[in-house]
Amino acid sequence: MTGAPASAAGGPSGARRAAAGPASGKAPGAAMGRGTARSSEGGAPGAAPGAGGSGAAGGDGSESSVVDAQDDGKPARGGKLAAAAVNQASVWNVANLLTMLRLILVPAFVALMLADGGYDPVWRSLAWAAFAIAMITDLFDGHLARTYNLVTDFGKIADPIADKAIMGAALICLSMLGDLPWWVTGVILGRELGITLLRFVVIRYGVIPASRGGKLKTLTQGVAVGMYVLALTGWLATLRFWVMAAAVVLTVVTGLDYVKQAIVLRRQGIAERKAALEEKEA
């Protein structure tokens, strides 16, 4: 009993046992590690929901839970939600930047439109360029947001505001300068604001989809207002009158169609809620 190590006392066989000891002792630890990984992913029996994964050594457990999930071939819990949160937080995407550009162009357009009394052809041409850029970017920002999953809360709010702002600024400036009757401005802006409010009122029952008539109305309005912004004379001035007349007709017709859709959508929503309540009570 000299206190010598077991490997020395046991000779070669003892050395082999000593060498095999750590290797064989690793298995329980590995099994325990796998059990911990499974517990952190799915929760140990009898543990509170969500308790697993909160006790990773050397961190908050988020990284280790992702590694464990990848080892098991399963997506990490909350991975999709985390990715969605990152996408939602990325306000500085190309679609939102285009919307911000339109908002910045509104005061620039007004300044150019009213420069030098509002009747200088050069300033009116520059104002038309600003208006054209705003209308063109409106065609792309929504498409980019939907195609590349760049939809954000900021874009949902800012995009319609930018649309109404540039069109409203152009109409009001034209009426102030006497180029366009105030009743035309009133009809177009009244319809746009009214339909926007109507969408918010019926949004609890569903969403009114954009129709082809609405898209044609937007295009016709943009072309007509753009022609009025330019200092046109002769047959072009006559042509812009008829284009604006078509825009006003489309504005009224599509507005009435949206009202009809809103009424139908509201009735369907009320009927579905009533049926659901009756089924629940039964």
Side-chain angles (χ1 to χ4, degrees), residues 93-103 105-106 109 127-174 180 183-203 205-230 236 239-266 268:
N93 59 62
V94 63
N96 286 345
L97 289 176
L98 291 176
T99 301
M100 295 177 193
L101 175 62
R102 294 212 313 280
L103 290 171
L105 284 174
V106 173
F109 167 81
W128 176 86
F131 180 80
I133 293 173
M135 297 304 295
I136 291 172
T137 55
D138 181 34
L139 300 176
F140 290 102
D141 58 354
H143 174 72
L144 290 173
R146 292 185 296 270
T147 303
Y148 297 101
N149 194 24
L150 301 176
V151 178
T152 61
D153 290 338
F154 172 81
K156 294 177 183 178
I157 297 173
D159 182 70
I161 292 176
D163 297 343
K164 305 300 184 293
I166 189 66
M167 183 60 68
L171 291 169
I172 292 173
C173 286
L174 289 171
L180 191 68
W183 70 266
V184 174
T185 298
V187 168
I188 294 178
L189 291 185
R191 184 268 189 197
E192 299 299 332
L193 295 177
I195 295 302
T196 301
L197 293 175
L198 185 62
R199 287 178 180 272
F200 281 110
V201 170
V202 300
I203 195 171
Y205 305 108
V207 178
I208 303 176
S211 62
R212 292 184 179 180
K215 295 178 181 179
L216 180 61
K217 178 268 307 177
T218 301
L219 177 62
T220 308
Q221 281 184 359
V223 173
V225 172
M227 294 180 71
Y228 269 86
V229 170
L230 289 172
L236 289 176
L239 177 62
R240 72 182 183 182
F241 169 82
W242 292 108
V243 175
M244 181 60 75
V248 172
V249 171
L250 287 172
T251 298
V252 174
V253 171
T254 55
L256 294 175
D257 181 61
Y258 274 118
V259 172
K260 178 183 177 181
Q261 292 186 53
I263 294 174
V264 173
L265 185 63
R266 182 176 180 274
Q268 291 178 349

- Query: side-chain hydrogen bond (donor to acceptor under 3.5 Å, both in side chains): which pairs involve residues 239-252, sequence neighbours left out?
  - Reply: Q221-T251

- Message: Please find the pair of heavy atoms, one from Y258 and one from I195, that lie closest to each other, and give the distance.
- Response: CB-CD1, 3.6 Å

- Which atom pair, heavy atoms only, marks the closest approach of D163 to I166? O-CG2, 3.4 Å

- Between V225 and M244, is a side-chain contact (heavy atoms from CB on, under 4.5 Å) present by the stated rule, with each step listed? CA-CA 7 Å; V225 172; M244 181 60 75; 4.0 Å; yes

- Task: Kindly give the heavy-atom pair with the smallest separation between V106 and A169, and that separation in Å.
- Result: CG1-CB, 4.1 Å

- Item | Exam field: side chain R102 to backbone D159, donor-acceptor pair closer than 3.5 Å | yes

- Partner of T254 under side-chain hydrogen bond (donor to acceptor under 3.5 Å, both in side chains), picked from R212, K217, R191, K215, is R191

- Note on the structure: Interatomic distance, CD1@I188 vs CH2@W183, rounded to 0.5 Å, equals 8.5 Å

- Task: Grab the two heavy atoms, one from A262 and one from L198, that are nearest each other, plus how far apart they are.
- Result: CB-CD2, 3.6 Å

- Query: For the side-chain hydrogen bond (donor to acceptor under 3.5 Å, both in side chains) test, which of N93, N96, T99 pairs with T152?
  - Reply: N96

- Rounded to the nearest 0.5 Å, how far does CG of L230 lie from CZ of F131? 10.0 Å

- Query: Roughly how far, to the nearest 0.5 Å, is the CD1 atom of I133 from the CG atom of D138?
  - Reply: 13.5 Å

- Which value, rounded to the nearest 0.5 Å, describes the distance between I161 atom CD1 and I157 atom CD1? 7.0 Å

- Are T185 and L180 side-chain neighbours, meaning at least one heavy-atom pair lies under 4.5 Å? yes

- Message: Looking at every heavy atom in both A170 and F109, which two are closest together, and how far apart are they?
- Response: CA-CE2, 3.4 Å

- CG on D141 to CG on L101, rounded to 0.5 Å: 10.0 Å

- Message: Could you walk me through whether M227 and F241 satisfy the side-chain contact (heavy atoms from CB on, under 4.5 Å) test, starting with their C-alpha distance in whole Å, then the side-chain angles of each, then the deciding distance to 0.1 Å, before giving a yes or no?
- Response: CA-CA 9 Å; M227 294 180 71; F241 169 82; over 6 Å; no

- Smallest separation among heavy atoms of G155 and P160, with atom names: O-CD, 4.1 Å

- Task: Sort and list the pairs that fulfil salt bridge (charged side-chain N to carboxylate O under 4.0 Å, His left out) and have at least one residue in residues 254-265, not counting sequence neighbours.
- Result: none

- Point-to-point distance, once rounded to the nearest 0.5 Å, from OG1 of T137 to CG of L144: 10.5 Å

- Any donor-acceptor N/O pair, R199 side chain to I208 backbone, under 3.5 Å: yes

- Query: For V94 and Y148, what are the C-alpha separation, side-chain angles and deciding distance, and is it a side-chain contact (heavy atoms from CB on, under 4.5 Å)?
  - Reply: CA-CA 10 Å; V94 63; Y148 297 101; over 6 Å; no

